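A quick write-up on the structure given underneath.
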Amino acid sequence: MVLTKRIIPCLDLKDGRVVKGTHFVGLRDAGDPVALAQRYNEQGADEVVFLDIAATREGRGAIIDVIQRAADELFLPLTVGGGIRTIDDMQQILRAGADKVSINSSAVKDPELISRGAERFGTQAIVVAIDVRRNYEMEPEKNPIPLADGRECWYEVVTHGGSRATGLDAVAWAREAEERGAGEILLTSMETDGTREGFDIPITAAVSAAVGIPVVASGGVGTLEHFYDGFAKGKADACLAASVFHYGEFTVREVKEYLAGRGIPVRL
């Protein structure tokens, strides 16, 4: 049986509204989260991700009322991330109606949180989001990744919306997250986020090859072909996008029909 590839709209939330920027800054309002999610539901999205992008920096929890409204109106899986620091936070979000929680900065700070979450709620409910940036200063024991221009780099995990370097190698951290019980990796490259120049294929392919759990490619979609590249070249299990959907350039259905026409198995 061929597993279908997923298309996932991502809604970045700030103050209860959907926003979109470039490299996580220069944010513009993109609408009401539940109304947008409902639109994607009707277009055939496989799931929706809500990321409260200011929660960790502002030290608050995710927006529970938005999750409850969305869960009441939607009939597709909902992943929620941002400001999740404890098992209690996870429980609150799952109880509000989310199917999965996404942890990022808190997982780097306390890797045991992955294990505890997986043990309590099951691996299928735990997504580890990994934000990465290229580092051209090669170090021993880092995974060297060749780029299209012939250069080599390693990818460093960054946290707090890309503002803090961690020294962690992204490929090694993805492997550790899987070992600790993550059911999925949500991989965002800060190099490509918001640029509309395509996914960061080298790191997407490297992480996809390194782990046995689904990898969601995120950051940089601008064309239909970019979705195809994420699957065909990046070997991702799902592709996530935001602005091309929010501003109506493509519908989820158009993306899926394009992919189906190019031989990528999708649920139509």
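Please read these numbers as outputs of a predicted model, since none were measured by experiment. Worth knowing before you read on, the calculation uses all heavy atoms, side chains too, and leaves out hydrogens, waters and symmetry mates.
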**OP:** Scan Lys5, Arg6, Arg253, Arg267 and name whichever one has a salt bridge (charged side-chain N to carboxylate O under 4.0 Å, His left out) with Asp46.
**Re:**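 For Asp46, the salt bridge (charged side-chain N to carboxylate O under 4.0 Å, His left out) test succeeds with only one of Lys5, Arg6, Arg253, Arg267, which is Arg267.
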I need the minimum non-hydrogen distance between [X] and [Y], along with the two atoms involved.
X      : Y      : value
Thr166 : Val157 : OG1-O, 2.6 Å
Asn135 : Met138 : O-SD, 4.5 Å
Ala96  : Ile64  : CB-CG2, 4.0 Å
Val252 : Pro9   : CG2-CG, 4.0 Å
Lys142 : Gly167 : NZ-O, 2.7 Å
Lys233 : Ile201 : CB-CG2, 3.8 Å

Original post:
Listed by chain and number, what are the side chain to side chain contact (heavy atoms under 4.5 Å, CB included) partners of Tyr136, not counting sequence neighbours?
Top reply: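 Listed in chain order: Arg134, Leu147, Arg151, Cys153.
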Subject >> Thr123: partners by side chain to side chain contact (heavy atoms under 4.5 Å, CB included), with sequence neighbours left out >> reply: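 Thr123 satisfies side chain to side chain contact (heavy atoms under 4.5 Å, CB included) with Ala118 once adjacent residues are dropped.
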Original post:
Do the rings of Tyr40 and Phe245 sit parallel, tilted or perpendicular, given the 30° and 60° boundaries?
Top reply: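 Because their plane-to-plane angle lies in the 30° to 60° range, the rings of Tyr40 and Phe245 count as tilted.
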**OP:** Look only at the side chain of Ser106 and the backbone of Ile103, and say whether a donor-acceptor pair between them is shorter than 3.5 Å.
**Re:**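 Flag not set: sc Ser106 to bb Ile103 has no pair under 3.5 Å.
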Subject >> Reference residue Leu187; test side-chain contact (heavy atoms from CB on, under 4.5 Å); the match among Val128, Ile130, Leu240, Val216 >> reply: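 Testing each of Val128, Ile130, Leu240, Val216 against Leu187, the sole residue satisfying side-chain contact (heavy atoms from CB on, under 4.5 Å) is Ile130.
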Original post:
Considering the options Val80, Val127, Ile84, which one meets the side-chain contact (heavy atoms from CB on, under 4.5 Å) requirement together with Val101?
Top reply: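 Per the side-chain contact (heavy atoms from CB on, under 4.5 Å) rule, the option paired with Val101 is Ile84, out of Val80, Val127, Ile84.
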Please report the interatomic distance [atom1]([X]) to [atom2]([Y]), rounded to the nearest 0.5 Å.
X      : Y     : atom1 : atom2 : value
Thr79  : Ile67 : OG1   : CD1   : 11.0 Å
Phe50  : Leu78 : CZ    : CG    : 5.5 Å
Phe121 : Ile87 : CZ    : CD1   : 5.5 Å

**OP:** Would you please name every residue forming a side-chain hydrogen bond (donor to acceptor under 3.5 Å, both in side chains) with Ser189, sequence neighbours left out?
**Re:**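 Testing Ser189 for side-chain hydrogen bond (donor to acceptor under 3.5 Å, both in side chains), a comparison that skips the adjacent residues, returns Asp200.
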**OP:** Decide salt bridge (charged side-chain N to carboxylate O under 4.0 Å, His left out) for Glu176 and Arg180; before the verdict, give the C-alpha distance in whole Å, the side-chain angles of both, and the deciding distance to 0.1 Å.
**Re:** CA-CA 6 Å; Glu176 182 179 343; Arg180 287 181 175 277; 2.8 Å; yes
